[in-house]
Amino acid sequence: MPLDKQYDPAQFEPAIYKKWEESGAFTPRHADTKPYVIMLPPPNITGTLHIGHALQDTIMDVLIRYHRMLGQPTLWLPGTDSAAIATNRVLEEQLAAEGKTRQQIGREEFLRRADAWYAKTGQEIIQQMKRLGVSCDWSRLRYTLDEAYIQAVNQAFVEFYKRGYLYRGERIVNWDPASQTTVSDLEIDWHTEKAPFYTLQYGPFQIGTARPETKFGDKYVVMHPADARYQQYQHGETFEAEWINGPVTATVIKDESIDPAFGTGAMTITPWHDAADFAIAERHNLDKQQIIGFDGKLLPIAGACAGLTINEARPKIIEQLTKKGLLVAVDENYQHSVALNNRGKGVIEPQVMRQWFVDMSQLKDKALQAAAQESVRFVPTRWKKHFMHWLENVYDWNVNRQIWLGHRLPVWWKPGTHGTEHEEGNFVVSVDPPAGGGEGWEQDPDVLDTWFATALWPFATLGWPRKSAARSRGKPSDLELFYPTSVLVTARDILYLWVARMVFSGLEFMGDVPFREVFIHPTVLAKDGRRMSKSLGTGVDPLGLITTYGADAIRFGLMYQLHYDSQAIKFDEEAIKSGRNFVNKIWNIGRLLESIPKRDTPTIADQWITQRLHATIQQVTQSLEQYRFGEAAHVLYDFVWRDVADWYLEILKVEGSTTVARQVFAALLRLLHPFMPHVTEVLWEKSGRSDLLMTAAWPTAGKVEAATDALAHFQDIVSTTRRARALFDIPPKVVVDLAVTAAPLPQALAALSRARLVPAATA
RNA sequence: GGGUGCAUAGCUCAGUGGUAGAGCGCUUCGUUCACAUCGAAGAGGUCGAAGGUUCGAUCCCUUCUGCACCCACCA
C-alpha cells in the first residue's frame, strides 16, 4: 500500500503506543546482564505536563530506549507525587471560594476532599506522558501517598529517630502566618522591596532597623569586638536606656559577625524573629523574647500596639519613637529583601518553635564523601561543586509542617502533652500506635516536609523496607535487582531540595548511593529568555504542540536544542517545526526506497554511504554515552539530510544498490528510534519487519575507514556544474554538455548535473 | 559578598590551536513521479573588549564589560 506524501502523526502514534504497551517490552526482562534503571522524578499530581517535563521525559526516554536496544534489562519506574503543600493551597482556595476554612470542615472532611481531588487529577499527567511516547514500566507505577509508600516513610522516620538523627529542638524556623505552617529555607523566594530604614537612639548608641515592630523586646546591643568606636564599652556591661515603652536595662555584646561598616556598626537584636540574631543569642546564651504571634499580630509586650498587624503597628511605633525623641534619621530609599513562601505566597516571619529536625552533621559527611569520590558522578561536572558547597553549609533540616495533607508523623503523644513545656518522655516514635500503656495516645497532628518522603523515592518505590520480598518465588526482589539506579535526570532547581536528600537517605538506609550519575539538564525558558510561567503568559503547552506537530517532532526538536554546557534552552517553536520536517523527511526516504526497483550493483556511492553510516553510528553512540543529546541529534540530522538525502539517494535513483540502501536505512531507523520512536517504528513495520524496532539491537559501527575520495570528486563536479548553470542563468530544462576526463558514476553525474556527458577534448 | 553559565551571520545557536558552520529569515531560480514539511545557487560574520602564551588564538591564560541564573543570617 503506497504511503501518504506526508507523515501524519495522529494516524499512527496512538496505535504504536498501544502496540508497545501490549508487547510487555516496557517491563524489564530479567537477565544476567547489568540492568539500566531510571526513576522518574515524580511529577506533582496537581500539575499538567509543561515543556520542562517534556524535555526531561524525552531525555529519560532516549536513554531508556537506547539501553533497551543495547540489550540490557531496562527499568524506567514512573510515579507521581502528592505535592502536599501545593494541593493544600489549592484546596484551601476552593474552600475560601465557598466561604469556609479547613478548620471549619475538619481534618477528616479535608482529607476526603483531597482524595477525591487526587482521584480526579491523578491520571491526567500520566496520560499526557504517554502521548509523548515514554516507555515507562507502568506496571510498577507508584504514588507517594500509596499505602506501601506511607509505610516506607513511617519506617524511615522511625529509623532516623532510632539512629539518633531526629531530634526535637527549639530553633528558629520560617513561619508562614498566612498558611500557618513552617517552610523550608529552600522554598522561600526573596523579593527586594523599598522600605524606610530608621536610625534610632538606643542609650548611647545609634542603631538601624527596617523592622521597628520587632524592637519592643530589645535588650542587647551588639558590635564587633575590634570596632574602635566602641572600645570604651566592655562585653557584658549594662546600661539604662529609654525605649519605646519605657526604660530598659540593656547589655553590651561583642560578636564578630557584626559588620562594622554597616550603618553605625552597632545593632540591637531580636533573637526570636531573626535567624542571624538567633545565632548570636545562642553563642552568648542570651534571652529570647517572642514579639509577634503566630497569627502575625503583635503580642502584649507591644503595649498599645498589641493585637495589631505589622502594617498597622509600624506608623504607631514610629510616632511613639518620634515623640520620645529617639528617631534620629529615616532613609526612605532603603532596599531590603522580604521572604515569601514560594508555595503559599505568605510573608515569612521567623519564629522560634519546638520542631522536629534531622541532624545533618553526620548525614552530610556521607553525601559529601560520595560526591568527592564520585560514587555519585555529576554531569556536567560543575554541579559537583555546587552540590558539595551546599552540603558543607547545610543546617539541620526542619521536617515537620503544620498542614494536613501529606505523611503524618509516626509520633504518638500522651494526651495534652504535645506542645507543652513537659514534652520529654511523653511521646513514642513508632509506626504503630503504642499498645497498652494507657489509652488515648494522640498522633502528632503535623505532617512531614514533602521532600522527606521523596528523598526515599529511589528505594521506597522498589519495595523498601521489605528488602527480600521477592516478586516471585526464587527470584531476587526489585530492590536487590534495581538498586542503585543508573542515573537521575533532573533540573538544577531541586539539586539541594531533592537530590542531596536522596543521596544521604540512600546511603543511610541502603548503604549505597541511590544513583551512579546525576544528569542536570538545562532549564527551558521562553524564546525571549524569560522564565516560562502562566502568569507571564510565556508558557508553552506541550500537548498542543504534540497535536500540531506530533510527539516525534517535539522530542527531536527539544533534543536538537539541548546543548551540553548551556544552562538554558530558549524555546523556539521553529525548532519543533523543524523537527516535524525532519520526521517527514525520514518518512519520505522510506517512501522512496519502496519505489525504486531492486537492483544490486554497488557503486562507490554505496561504499561511501556505508562508511559514513559507520562514522555516524560511532558518533551517535559516543554522544549518547556522554549525555550529549544535542550533538547526537545534529549528527543524525546532518547525516540524513546532507549525505543520505541530498547525495546518496539522488545517486541511487539512477544507479547503485538498493540492498545497501535498505541496510543503511534499517540502521538509520535504529539510530533514530530513541529520538523519534513512533515514525521509526511505523517505517520498520512497513518495511516488512515483524519484530519491534523498540527491542531491535542498537547498530554497531564497523571499521570506520576514511571516506572515499572518488565521491568527493563526484560532488565537486556536480557542484561546479550547478554553479556554472546558475552563473550563466541556464534554465533547468536545458541539458548542457559536460566534458570530464574521468567520470565517476557517469549516469548519476549526468542526472544531477542535468548534463550530457561528452568526451573530453584531448589536447 | 561568593559562585556558575553565556557573549560567533539579521534571529536562535553549534564548533575547532592552522582558509569560520547549521537552522530559520533574506535574494534568485525550480513543482522531472520521495518530500514545497522540498530542491539548486547565493548574499551575509575584524567569533564582546584589552592584554598575554604561541610560528600561528574565535578556541588556551589574565583582566574588563554586558546578560542570565544560583548561593549567602546586608541589622
Side-chain angles (χ1 to χ4, degrees), chain A residues 2-7 172 185-186 190 197-199 207-211 214-215 222 257-259 261-270 274-280 334-337 339 350 380 382-383 385-386 389-390 393 395 492-493 495-496 522-523 525 527-531 549-550 553 557 560-561 563-575 577-596 630-631 633-635 637-638 641-642 645-646 649-650 652-653 718-719 721-727 729-733 751-754:
Chain A
L3 306 180
D4 292 341
K5 282 171 77 168
Q6 290 180 357
Y7 173 66
I172 193 153
D185 287 342
L186 296 168
W190 291 91
F197 185 79
Y198 304 99
T199 304
I207 56 122
T209 186
R211 299 204 55 196
T214 63
K215 295 286 134 188
V222 193
S257 69
I258 304 301
D259 176 9
F262 189 95
T264 60
M267 67 177 237
T268 58
I269 57 168
T270 313
D274 184 284
D277 294 359
F278 181 87
I280 293 169
Y334 182 71
Q335 298 271 348
H336 76 142
S337 299
R382 65 173 178 278
W383 296 109
K385 214 185 310 176
H386 288 98
H389 181 258
W390 182 78
N393 296 291
Y395 297 107
R492 64 171 184 270
D493 56 351
L495 184 59
Y496 313 131
T523 308
L525 301 177
K527 194 182 176 182
D528 58 9
R530 289 186 297 168
R531 284 200 94 78
Y549 299 107
Y560 194 81
Q561 293 183 89
H563 296 295
Y564 184 75
D565 253 329
S566 60
Q567 294 191 146
I569 292 175
K570 285 184 204 157
F571 180 79
D572 188 351
E573 191 169 325
E574 286 300 319
K577 197 192 268 183
S578 163
R580 190 262 325 254
N581 295 352
F582 186 50
V583 167
N584 194 56
K585 190 78 180 177
I586 308 291
W587 176 255
N588 274 288
I589 290 172
R591 288 182 67 209
L592 177 65
L593 289 178
E594 292 299 307
S595 70
I596 298 178
E631 193 175 85
H634 277 81
V635 166
Y637 187 93
D638 291 344
W641 215 301
R642 298 280 83 86
D646 290 350
L649 292 178
E650 289 304 322
L652 186 75
K653 283 176 184 174
V718 172
S719 296
T721 313
R722 284 168 171 174
R723 256 197 306 278
R725 296 185 68 113
L727 189 64
D729 224 5
I730 301 168
K733 291 192 171 154
L752 268 65
S753 307
R754 306 204 53 70

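Chain naming here is simple, since letters A, B, ... match the order of the sequence lines and numbering starts at 1 in each. Everything numeric here is computed off the predicted structure, so don't read it as measured data. What's counted below: heavy atoms across the whole structure, side chains too, no hydrogens, waters or symmetry copies.
Between A:Asn393 atom CG and B:C71 atom P there is a gap of 13 Å when expressed in whole angstrom units. Atom NE2 of A:His386 is separated from atom P of B:C71 by 9 Å (rounded to the nearest Å). For the pair A:Asp185 CG and B:C70 C1', the interatomic distance rounds to 15 Å; values are reported in whole Å. To the nearest angstrom, P of B:C70 lies 9 Å from CG of A:Asp493. For the pair A:Tyr564 OH and B:U16 C1', the computed distance is 18 Å after rounding to whole Å.
Note: A:Tyr560 and A:Tyr637 have tilted aromatic rings, judged against thresholds of 30 and 60 degrees for the angle between ring planes.
Counted by atom type alone, A:Thr523 and A:Arg492 present one or more donor-acceptor pairs between their side chains at under 3.5 Å.
Within the 4.0 Å cut-off from OP1 or OP2 of B:A14, not a single side-chain nitrogen or oxygen of A:Tyr637 is found.
Put simply, the side chain of A:Phe571 does not reach to within 4.5 Å of the side chain of A:Leu525, judged on heavy atoms. Put simply, the side chain of A:Trp390 does not reach to within 4.5 Å of the side chain of A:Leu495, judged on heavy atoms. No side-chain heavy atom of A:Met267 sits less than 4.5 Å from a side-chain heavy atom of A:Phe262. Residues A:Arg580 and A:Gln6 have side chains not in contact (no heavy-atom distance under 4.5 Å, counting atoms from C-beta outward).
A:Ile280 comes within 4.0 angstrom of nothing in the nucleic acid, heavy atoms only. As judged by a 4.0 angstrom heavy-atom cut-off over every strand, A:Phe278 is placed among residues making no nucleic acid contact. As judged by a 4.0 angstrom heavy-atom cut-off over every strand, A:Tyr334 is placed among residues touching the sugar-phosphate backbone only.
Atom-to-atom distance recorded for A:Phe582:CZ and A:Lys585:NZ is 10.0 Å, nearest 0.5 angstrom. Residue A:Ser578 holds its OG atom at 9.0 Å from CD of A:Gln561, rounded to the nearest 0.5 Å.
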A correct dot-bracket answer for RNA chain B, with pairs being Watson-Crick or G-U at under 3.5 Å, [ ] for crossing pairs and | for inter-strand pairs, is (((((((..((((....[..)))).(((((.......))))).....(((((..]....))))))))))))....

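Across B:A75, B:U32, B:A22, the shortest atom-to-atom separation from the side chain of A:Arg754 is found for B:U32. Between B:C71, B:C73, B:G23, one nucleotide has an atom nearer to the side chain of A:His389 than all others, and that is B:C71.
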Scoring nucleotides 34-41 of chain B by protein non-hydrogen atoms under 4.0 Å (B base, S sugar-phosphate only, - none) yields BBSBSSSS

Per-nt protein contacts along nucleotides 5-13 of chain B (heavy atom under 4.0 Å; B base, S backbone sugar-phosphate only, - none) come out as SS-----SS

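The nearest heavy atom of RNA chain B to A:Arg492 and to A:Thr209 marks one nucleotide each, and the one closer to the 5' end goes with A:Arg492.
Listed by chain and residue number, nothing satisfies the ring-ring contact (aromatic ring centres under 6.0 Å, His included) test with A:Tyr198 (two or more places apart in sequence, or in another chain). Not a single ring-ring contact (aromatic ring centres under 6.0 Å, His included) links A:Tyr549 to another residue, sequence neighbours left out. Not a single side chain to side chain donor-acceptor pair (under 3.5 Å) links A:Thr264 to another residue, sequence neighbours left out.
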